[in-house]
4 protein chains.
Amino acid sequence: MNKKEAIVRAAIQVFREQGIDKTKISDIVKAAGIAQGTFYLYFPSKLSLMPAIAEVMVEKTMTIVQETVQVNASFPVQLTQIVDAIFMVTRDYHEIQALIYSGLASTEHLKEWETVYAPFYNWVSERLQEAKADGIIRQSINVDPTAKLVIGLVESAAEQIYLYDSEQEDQARIQKSEVNIFLKHALGIRE
Amino acid sequence: MNKKEAIVRAAIQVFREQGIDKTKISDIVKAAGIAQGTFYLYFPSKLSLMPAIAEVMVEKTMTIVQETVQVNASFPVQLTQIVDAIFMVTRDYHEIQALIYSGLASTEHLKEWETVYAPFYNWVSERLQEAKADGIIRQSINVDPTAKLVIGLVESAAEQIYLYDSEQEDQARIQKSEVNIFLKHALGIRE
Amino acid sequence: MNKKEAIVRAAIQVFREQGIDKTKISDIVKAAGIAQGTFYLYFPSKLSLMPAIAEVMVEKTMTIVQETVQVNASFPVQLTQIVDAIFMVTRDYHEIQALIYSGLASTEHLKEWETVYAPFYNWVSERLQEAKADGIIRQSINVDPTAKLVIGLVESAAEQIYLYDSEQEDQARIQKSEVNIFLKHALGIRE
Amino acid sequence: MNKKEAIVRAAIQVFREQGIDKTKISDIVKAAGIAQGTFYLYFPSKLSLMPAIAEVMVEKTMTIVQETVQVNASFPVQLTQIVDAIFMVTRDYHEIQALIYSGLASTEHLKEWETVYAPFYNWVSERLQEAKADGIIRQSINVDPTAKLVIGLVESAAEQIYLYDSEQEDQARIQKSEVNIFLKHALGIRE
DNA sequence: AATGAATGAGATTTCATTCAT
DNA sequence: AATGAATGAAATCTCATTCAT
């Protein structure tokens, strides 16, 4: 069994349950079923876990997105699917997103953050590029920065709902609909 | 002199300088010029400062926004001014925003958060309402949820820039321009 | 209203509820309905309360004893009444007795202790003196030390019961009966 | 080397020297020769030491009693030896007895107290049983409750002397003599 | 006499980290 | 590689006491 992976898994679980600040290394090792000292064979500190956690989270995000978004669907449909996917990830992992955010921010691991998140930005960027090439969205769009804006917009919209309560599916449906309309206009979608 | 206020002021300052994790209560009281025990007269812990800090931050935001946005300007101009203002606040206080976010999230003060942010949401909502009444933006807009989307979008765009480095004015200018165009289409602004 | 008395009353109440160690001066003043600083106008410290509390306790004890013991009763009857009275006091105030004991012990107020308890010792001593004069108990008895032994014996017997639970009336009845027989022989009572 | 035992040993020593109130945990760990944090590995607080201390104290008492009381001596002689032993223990450890008493009383460890004291009660009870079988004491005696009365009587008599001053050997001799006579009659000893 | 906010020395407590096994 | 008891520096927190009002 891979101890490093066990540590990361356990950390995600414990962080979600009690927050990053209140979590002691001893909580993590207990959850991982390993000895206190073993932790230090793999990570020099609590914060150094963050990039590894971030990586796992981005993988999860990508998995959910790719499971949700149909390759052959039209761009407008794909866009609503992306929104669905991001809402889903936010609902299930918003505590982790927050802690990655503040955990990375409070260290010198910041540069790794961009690298880690890059695959998701790129993937959306590519979708936008295709849509632009197909003439489905306005031609004035710069795909790279716009991809980031879209992801930021949707994530923040989802957080506004799920920050308080992850059981808000009614609210979430309304918010998603608002986001879709907002995006349709922002991107100048022609149907 | 109001000690409670002094504590909050000092906490914001010290948190900005050294981050929330590295800040000891003793740093805060030193900066506030009060005795260690006095802190506990007003706050039971470091995290319980968060709602009070959030309140001050929203006040600061409102002040900057109202100083930046001209009352008589047209809505499109006001919108770019709102974007400028949010970027400004984010640049100067992104550490605080991050910590409010994770600080609130890791406690049970979540419900207070909506209340605290409400004035800002409302203010933008009113601007949108006026613009809608004047026929400047598309009539299909629901002003309340859209106000939240707009603020979330701009904040997340600003954070993408300033999270790494608050000296990125060139990058910021480009990002703001992207946001403005994005918003112009999203809101269906007619000039 | 007499503040000093209010403080002593409040202290007894709070000490009984939470023990001497866990009781802060702030708890006492809160219960007494006075300001923190006022305490120090009457007592220089928490432990300096002890002699005053002890005095009140001995008064209570004497009151109960004198209400229970009939002046005209024969000595053997009076003795069982004394046992009843001490059991009663111990049941209701054993926490206080313990804290007076340790409270006085941990200070330099020890000398006051003897003075404070003296009236009770003396009263029992007088009863023994009378009984001796009446030839009801053995003539070899030294009344003063024996009075102390009797009180010590009965108190310790009562504590053995009530230390754990003040609702032990069945157990208490048995124990009292044992004490009475023990004392009857110890004192050489002739009936 | 057993750290838990070292802590209890050190605590008894330091408590005797400076009293329970004035003793800091840091004093205990210093005396035990361990690190501050190690204390918390074994005990959550100063008061939680009490049951462990009580146990050691009862062991010490038993040891002294068994060293003092001669197995082949007649019961009357054994009884005076028991009195001697209890006076000795009280002289040397009255501070500890007081603190066990109030320390146990102020916590929820009360139930353990009976268990801890049981061996001593039983041992005296057995002596009484033998004496009763040998017809040396009155046949109406119930050995178990009487054992407790005897121990309580002697302890309280000893405390009356040594509470104030452990150098009172003259007083102690007189008091012991009083106790012996008192007991001789109470138990109906036939010589 | 009475108040109670403020104090700060000093206690408790935590927990990341080490290291002998 | 793995362990986990032990560490102790460094933090939090308490609360008796003061003192300006």
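As a basis for the values below, the full set of heavy atoms in this structure was taken, side chains included, without hydrogen atoms, waters or symmetry mates. Proteins come first, then strands; the chains are lettered A, B, ... in the order of their sequence lines, and each starts at number 1. No experiment lies behind these values; they were computed from the predicted model shown.
Contact annotation for Tyr42(A): backbone-only contact, meaning every heavy-atom pair under 4.0 Å involves sugar-phosphate atoms and none involves a base. Using a 4.0 Å heavy-atom distance criterion, Leu41(D) is classed as a base contact. No contact: Phe43(C) has no heavy atom under 4.0 Å from any strand.
Under 4.0 angstrom from either OP1 or OP2 of dT7(F) there lies at least one side-chain N or O belonging to Lys3(D). Listed pair Lys46(B) / dA11(F) fails the phosphate criterion, with no side-chain N or O lying under 4.0 Å from OP1 or OP2.
Without hydrogens or angle criteria, Lys3(A) side chain to Leu41(A) main chain gives no donor-acceptor distance under 3.5 Å. Between the side chain of Arg9(D) and the main chain of Ala31(D), no donor-acceptor pair closer than 3.5 Å is present. At least one donor-acceptor pair closer than 3.5 Å links the side chain of Lys46(C) to the backbone N or O of Thr23(C).
Tyr40(C) places its OH atom 15 Å from the C1' atom of dA2(E), with the value rounded to the nearest Å. Protein atom NZ of Lys24(D) is 15 Å distant from nucleotide atom C1' of dT14(F), rounded to whole Å. With rounding to whole Å, Leu47(C) atom CG is found 15 Å from dT17(F) atom C1'. In this structure, CZ of Phe39(B) is placed 9 Å from P of dT12(F), rounded to the nearest angstrom. One interatomic measurement links the two molecules: CG of Asp21(A) to P of dA11(F), which rounds to 15 Å at whole-angstrom precision. dA16(E) atom P lies 15 Å from atom NZ of Lys22(A), rounded to whole Å. Distance CD1 (Ile25(D)) to P (dG8(F)): 17 Å, rounded to an integer number of Å. Distance CD1 (Ile28(D)) to C1' (dT13(E)): 14 Å, rounded to an integer number of Å.
Ile53(B) is listed as a side-chain neighbour of Ile96(B), based on a closest heavy-atom distance under 4.5 Å. Side-chain contact between Phe43(C) and Ile25(C) is absent, with no heavy-atom pair separated by less than 4.5 Å. Using a 4.5 Å heavy-atom threshold, the side chains of Asp21(C) and Asp21(D) count as touching. By the 4.5 Å heavy-atom criterion applied to side chains, Val8(C) and Glu55(C) are not counted as neighbours.
For Gln36(D), the listed nucleotide lying nearest its side chain is dT13(E); candidates were dT3(F), dT13(E), dA5(F). If you check dA6(E), dA6(F), dA2(F) against the side chain of Thr38(D), the one that comes closest is dA6(F).
The nearest heavy atom of DNA chain E to Ala35(B) and to Pro44(A) marks one nucleotide each, and the one closer to the 5' end goes with Ala35(B). Across the interface with DNA chain F, nearest-nucleotide mapping of Gly37(B) and Gly37(D) shows Gly37(D) to be the residue nearer the 5′ end. In this structure, Ser26(D) and Gly33(C) both approach DNA chain E, and ranking their closest nucleotides by distance from the 5' end singles out Gly33(C).
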Exercise. Please test Val89(B) against Lys60(B) for side-chain contact (heavy atoms from CB on, under 4.5 Å), starting from the C-alpha separation and ending with a verdict.
Key: CA-CA 8 Å; Val89(B) 172; Lys60(B) 287 204 182 186; over 6 Å; no
Self-check item: Paired and unpaired positions of DNA chain E as dot-bracket, Watson-Crick or G-U wobble under 3.5 Å, | denoting a partner strand
Solution: .||||||||||||||||||||
